[in-house]
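Just follow the structure's listing: the first ligand is 1, and inside any ligand the first atom is 1. Positions are given from 1 along the sequence.
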Amino acid sequence: MTFPTVRLRRLRTTPTLRAMVRETTLAPSQFIYPLFVVHGSGVFDEISAMPGVYNQSIDQLAREAESLAELGIPAVMLFGVPDHKDPTGTENFADDGIVQQAVRTLKAANPDLLVMTDVCMCEYTDHGHCGLIRDGEILNDETLDVLGAVALSHAQAGADMVAPSGMMDGMVGAIRAALDRGGYQNVSILSYAVKYASGFYGPFREAAHSAPAFGDRRTHQMDPANVREALREAQLDVDEGADMLMVKPALPYLDVIRRVKDRFDLPLAAYNVSGEYAMIKAAARNGWLDESRVVLETLTGIRRAGADLILTYHAKDAARWLKEAE
Ligand code: PBG
């Protein structure tokens, strides 16, 4: 059977019909909102390359928790900007560190908010690298002990889930062991399993003051050209006990999201990163793109590629637009 008997336009006739045959859903319950927390009080500083995203102090977080609850966004990913940086990044695992304070404040404001924490060294070290350094080299195995201590201290502060993002080999296993030894068997791990060495992290590094002081991240983050290697990365993290996987960035890697989704049964997240956000914001500000339309189209595309969950700076706007469209 073919045209003219078959007419695909029939099912596109009305909004009701289009909604009934829609294959991909997009809802605020699938969003994870990244938050940047800084020391001080009354701080709410817009990040210049990320309009609408702020570096905020602890006293702003209760209001943030309330607005996320109103919008139906279930989870946050916390990034800390410390006051003091040193070679090991000691504030990263300090009981009164910025992230530890933020976790306590958010959980007190709304116990139902799922609080995830980014576990990496780059924001906390004076050299800006994701691991301990000796003779200009990033040490893998020595770094694992630090990552275990960081994850444990986040769990002690009340984090529900920790998310190692530093692409060290063995990071998931080391963190699982540290959490279990500390009695936090129920704290889960979302692994940034497949993270590429990407130019799209630029605005984030401005926000988190985490640009490397020398060199780059190509000895641990993945080469953008590779996808079979992505499956090996994911497999390793599954074997080490990851509860959920992530692919990052999202847009230049939609095929990677699909491949990981088809191979593994763990829930899969995708990170719609800072540079992807900045591109849409810049074009919208110039009147070149219709922001709400392209944001919802972009997030739908990431879902269609296979992401169950999306980390996105658009989360709050998108939740509002989805509500308006109801
Ligand atoms: C590392 C980390 C980075 C991002 C999330 N976790 C930066 C990097 O790897 O350089 C980037 C997120 C974004 O660009 O939105 N702690």
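- For Tyr196, the ring pair (Phe, Tyr, Trp, His ring centres under 6.0 Å) partners are Tyr253, not counting sequence neighbours.
- Using a cut-off of 4.0 Å between Lys/Arg side-chain N and Asp/Glu carboxylate O, Glu123 and Lys85 are scored as not salt-bridged.
- For the 3.5 Å distance criterion, the side chains of Asp243 and Ser188 fail to qualify, holding no donor opposite an acceptor.
- Listed by first then second residue, pairs satisfying ring pair (Phe, Tyr, Trp, His ring centres under 6.0 Å) with a partner in residues 43-98 read Phe36-Phe79, Phe44-Tyr54, Phe79-Phe204, not counting sequence neighbours.
- By the 4.0 Å N-to-carboxylate-O rule, Arg259 lies too far from Asp262 to be salt-bridged with it.
- Using a 4.0 Å heavy-atom criterion, the residues that approach ligand 1 are Phe79, Asp118, Cys120, Cys122, Glu123, Ser165, Lys195, Phe200, Tyr201, Phe204, Arg205, Arg217, Gln221, Lys248, Tyr271, Val273, Ser274, Tyr313.
- With sequence neighbours excluded, the residues forming a salt bridge (Lys or Arg N to Asp or Glu O under 4.0 Å) with Asp180 are Arg176, listed by chain and number.
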